[in-house]
*Asks:* 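Let me begin by handing over the structure; questions about it come next.
Counting starts at 1 for both ligands and their atoms, in listed order. Fair warning: this is a prediction, and the values are worked out from it, not measured in the lab.
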Amino acid sequence: MKRRSALKWTLIGVGGSLGALTLGTVGVFGYAYARGKLDTVGKVDFDSPLAVPPLAESHTDASGARVFDLDLQAGQTQFLDGPATATWGVNGAFLGPTIRASRGEEIAFAIRNDLDQETSIHWHGMHLPAVMDGGPHQSVAPGDTWAPQWTVDQPAATLWYHPHPHGRTADHVHRGLAGMFIVDDEESGALDLPSEYGVDDLPMIVQDRKFDDDNQFDDSAPLLSSGGVFGDEIIVNGTRGPYVEVTTRLVRLRLLNGSNSRLYNFGFGDDRAFQLIATDGGLLAEPWETDRLHLSPGERAEIVVAFAPGETVELRSYPAEYGFNGTGARTNGADDRLDLVQFRAADTLAESPAIPTALAAAPDLDTAEAAETRTFTLEGRNINDRRMDMGRIDFAVREGTTEVWEVVNTNGYMHNFHVHDVQFHVLTVDGDAPPPDLSGWKDTILLVPDRRYRLAMRFTDHTDPNLPYMYHCHLLAHEDEGMMGQFVVLGEGETIGEVPQSAHAHD
Ligand code: C2O
Ligand code: CU
Ligand code: CU
């Protein structure tokens with residue numbers, strides 16, 4: 001999109017707020033509604049090669065652990081002509097390197113906070129001890145270094161990392177702290193899937209941003225939205241107007257919705273079919289062919305797309321097919337149509353092996369003897385009528401057991417639901433078998449209003465009666481406003497302890 005149209009959008013936004021002073025509620029609503037639909041198809045200049053985050057370097061320490069050094073820093077990024085944008089990044093000015101590790105590996109980090117405020121780094125989707133989780137209880141003060149360490153023990157998957165400081169997550173992610181975390185394992189390595197990083201295996205961190213008149217990020221929520229930023233420009237891996245030179249017939253895209261509030265409904269400009277091969281927690285049992293895929297904030301998916309020599313096609317986000325009810329849809333970006341990335345296929349493409357028809361074991365949790373069934377109702381900014389309290393452990397689960405969690409969003413607008421430490425299996429949606437895109441391992445799920453999701457999850461290892469894991473809505477403004485709770489995993493004979501004061505001294 002040309003700078004001019006972005007500016008116009010900002011000015012309309014200002015007009016909208018001024019209008020609020022003079023127009024009645026109905027007028028304001030009409031105004032917000034009328035300006036609420038964004039269509040950038042055909043308006044984006046795809047003039048920058050898509051940045052591919054570098055793979056993080058590591059060294060092996062005396063104990064044999066592979067250590068990654070991550071430096072959280074402030075910087076400047078040139079997104080637009082004119083002034084640079086103040087941004088945050090990991091080992092750079094915006095976003096961070098892709099971390100890659102294999103199942104069974106012992107990994108460690110030295111995370112240095114060179115920012116002027118405390119933050120944390122959370123490993124979204126990772127099965128690991130609560131003390132290493134990087135949630136709000138593991139905050140790192142400016143100038144300090146945090147050194148988590150664990151053994152990777154879960155199937156190959158596309159995970160990610162991002163800050164999770166109490167009440168400040170939306171701001172810190174929006175400034176640019178986020179990166180991908182790819183887990184490999186032997187089984188996935190043995191499959192003939194596109195896997196040359198940066199060539200036919202591309203990370204795609206999809207984010208929306210709004211720029212103010214000085215080219216700075218504007219994170220204000222639009223009028224009548226359900227909260228949170230809805231940017232009018234898309235950046236992928238930090239690139240505005242990105243294109244990709246395709247050199248192989250098949251390309252695997254690791255899609256991450258790294259936006260604070262926006263739901264994407266991915267699809268191609270010509271509605272071509274693609275294969276969904278993996279969701280949050282890893283490979284599906286078998287590929288699923290589709291031409292649309294919804295991802296709410298925090299969700300990931302791996303898709304494989306076929307290209308023909310010499311062609312050009314765009315990846316887009318189409319209006320949401322669900323997730324919102326009524327007029328709220330418009331003001332929450334659900335009617336938007338966005339051009340995301342342009343793919344330009346070379347005149348000759350290297351052949352790719354056919355996508356395997358069997359990918360991984362399907363989730364097989366035995367819920368016949370589920371130890372517990374819990375219900376979670378998301379409404380407003382509450383989960384079960386409560387808001388996050390850093391000092392309160394909401395409940396405990398027992399290590400070695402499987403539980404069923406029933407989750408429902410009773411608002412007309414979007415929420416989603418993310419659980420730390422585990423990957424879950426969607427048993428049913430309103431009593432029916434889940435659609436194919438919800439048939440594999442998930443750690444974050446879009447909650448379509450009023451649908452009832454039954455999730456099964458098994459808690460293994462890593463007991464800690466005092467330090468909790470989080471569950472929350474991953475619309476970051478909602479999370480920051482308290483739409484989050486805490487649970488501990490107890491070993492045999494243990495009872496709920498107390499969150500150490502030091503861990504929540506910054507309430
Ligand atoms: Cu991606 Cu608790 O977060
Ligand atoms: Cu998480
Ligand atoms: Cu929410």
*Asks:* Can you tell me the N, O or S atom of His124 that's nearest atom 1 (Cu) of ligand 1?
*Replies:* ND1
*Asks:* Check whether any N, O or S atom of His474 sits under 2.8 Å from the Cu ion (ligand 3).
*Replies:* no
*Asks:* Are the side chains of Thr367 and His425 in touch, meaning some heavy atoms are under 4.5 Å apart?
*Replies:* no
*Asks:* Can you name the N, O or S atom of His474 that is closest to atom 1 (Cu) of ligand 1?
*Replies:* NE2
*Asks:* Angle at the Cu ion (ligand 3), ND1 of His415 to ND1 of His478, rounded to 10 degrees, please.
*Replies:* 100°
*Asks:* Has His418 got an N/O/S atom less than 2.8 Å from atom 1 (Cu) of ligand 1?
*Replies:* no
*Asks:* I want to check something: taking the side chain as every heavy atom from C-beta on, are Met388 and Glu479 in contact at a cut-off of under 4.5 Å?
*Replies:* no
*Asks:* Is the count of non-hydrogen atoms from other residues, nucleotides or ligands lying under 6.0 Å from Glu321 atom CD greater than 12?
*Replies:* yes
*Asks:* Taking both backbone and side chain into account, is any N, O or S atom of His122 nearer than 2.8 Å to the Cu ion (ligand 2)?
*Replies:* yes
*Asks:* For a quick test of reading the model, state the closest non-hydrogen atom pair linking Asn91 to Asp69 and the distance between them.
*Replies:* ND2-O, 3.0 Å
*Asks:* Out of His415, His472, Arg386, which one pairs with Met483 under the side chain to side chain contact (heavy atoms under 4.5 Å, CB included) rule?
*Replies:* His415
